[in-house]
Amino acid sequence: MSSRIGVVTFPGSLDDKDAARAVTLAGAEAVPLWHADATLHGVDAVVLPGGFSYGDYLRCGAIARFAPVMEPLINAAREGMPVLGICNGFQILCESHLLPGALTRNDHLHFICRDQRLEITNTTSAWTKNFDMNQEIVVPLKNGEGGYVADERTLDQLEAEGRVIARYLELNPNGSRRDIAGICNEAGNVVGLMPHPEHAVEALTGPTVDGLGFFTSVLKSLVENGKVLA
Amino acid sequence: MARVVVNVALKPEILDPQGRAVQGAFGRLGLTGVTDVRQGKQFVLTVDGEVTPAKLEEIKHIAETLLSNPVIEDFTVEVQA
């Protein structure tokens, strides 16, 4: 039986199809979830995709955080279900307080879209365990409000606990504190990432296929945790 | 009918690049001597009937959970007669 990984579509989500495609290419079954769903339909893990949910009105992710599907998702995430939030999904996870800190407007005010070099700095989370420590990857980055901020104490804690999962290399594209591109929660099942691994899963359309590692990682994690048979 | 005004602003220690960009335009328009600009949001809530203390508490809860993100923003709530 293959793993079933849900991909939530909010009004204004953009990258739900690419995320579902990445899930499929990694070898799992992609299950479309709708923002108004009251249940998660028994999926083993969830991806919150990128885009502009609710037009980014109020604050990025602030309205999506109160969508009906988020209630079972937040409960399941607290109980250990793997959740990956990419870009807008990362913003939603911060607004939901599943991850600490917040994403703010890029310090240079411009929307940025480029192939970004990253260093993987955590190989134990549910979404990064198929990478090597300090492995360099290249995946697309595209955001207007991708500056990761948190107070100094939280930043120190994230670093001390190995919860920074990826850092920007070469240049910091958005003013994120301490070059942070992604973080995880204390248990390692919830990961937020500003760049887009789902756009780097096929040679035809991506700069690399480095992004696949996030999706194969969660499959490995589900097998290890006995959620799915190998 | 009463009005409740909720003002939301980034905390002082959070960089406000929009405010800085606005400040940059001041000089081009000839205004000098402004050392800082912070940009915020204002929500004007029209409330049916009187704003009771209980209603005000509910509004403060909404201001704290939805209208502002306490990680990066402060808010004030003001009742207008």
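Please read all numbers here as calculations on a predicted model, not as lab measurements. Each chain gets a letter, A, B and so on, in the order its sequence line appears, and its residues count up from 1.
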Please check if atom [atom1] in [X] has more than 12 non-hydrogen atoms from other residues, nucleotides or ligands closer than 6.0 Å.
| X | atom1 | value |
| --- | --- | --- |
| A:Glu161 | CD | yes |
| A:Glu186 | CD | no |
| A:Tyr57 | OH | no |
| B:Asp36 | CG | yes |
| A:Arg114 | CZ | yes |
| A:Lys17 | NZ | no |
| B:Lys41 | NZ | yes |

**Study point:** Where B:Leu67 and A:Leu58 come nearest, the two heavy atoms and their spacing
**Key:**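 Answer, listing the atom of B:Leu67 first, then A:Leu58: O-CD1, 4.0 Å.
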
Revision key, fill the gap. Nearest heavy-atom approach of B:Pro17 to A:Leu109 is O-CD1, 3.4 Å

Check your understanding: Quick one: what part of A:Asp151 sits under 4.5 Å from any heavy atom of chain B, side chain, backbone, both or neither?
Key ->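 Contact with chain B is absent: no heavy atom of A:Asp151 under 4.5 Å.
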
Point to revise | Donor-acceptor under 3.5 Å (A:Arg59 side chain, B:Leu66 main chain) | key: yes

Spatial distance of atom [atom1] ([X]) from atom [atom2] ([Y]) [nearest 0.5 Å]:
| X | Y | atom1 | atom2 | answer |
| --- | --- | --- | --- | --- |
| A:Gln91 | B:Asn69 | CD | CG | 11.0 Å |
| B:Arg20 | A:His108 | CZ | NE2 | 13.0 Å |
| A:Asn106 | B:Leu15 | CG | CG | 11.0 Å |
| A:Thr104 | B:Leu10 | OG1 | CG | 7.5 Å |
| B:Thr65 | A:Glu95 | OG1 | CD | 10.0 Å |

Study note, to complete from the structure: Turns out that what part of B:Glu73 lies under 4.5 Å from chain A's heavy atoms comes down to side chain

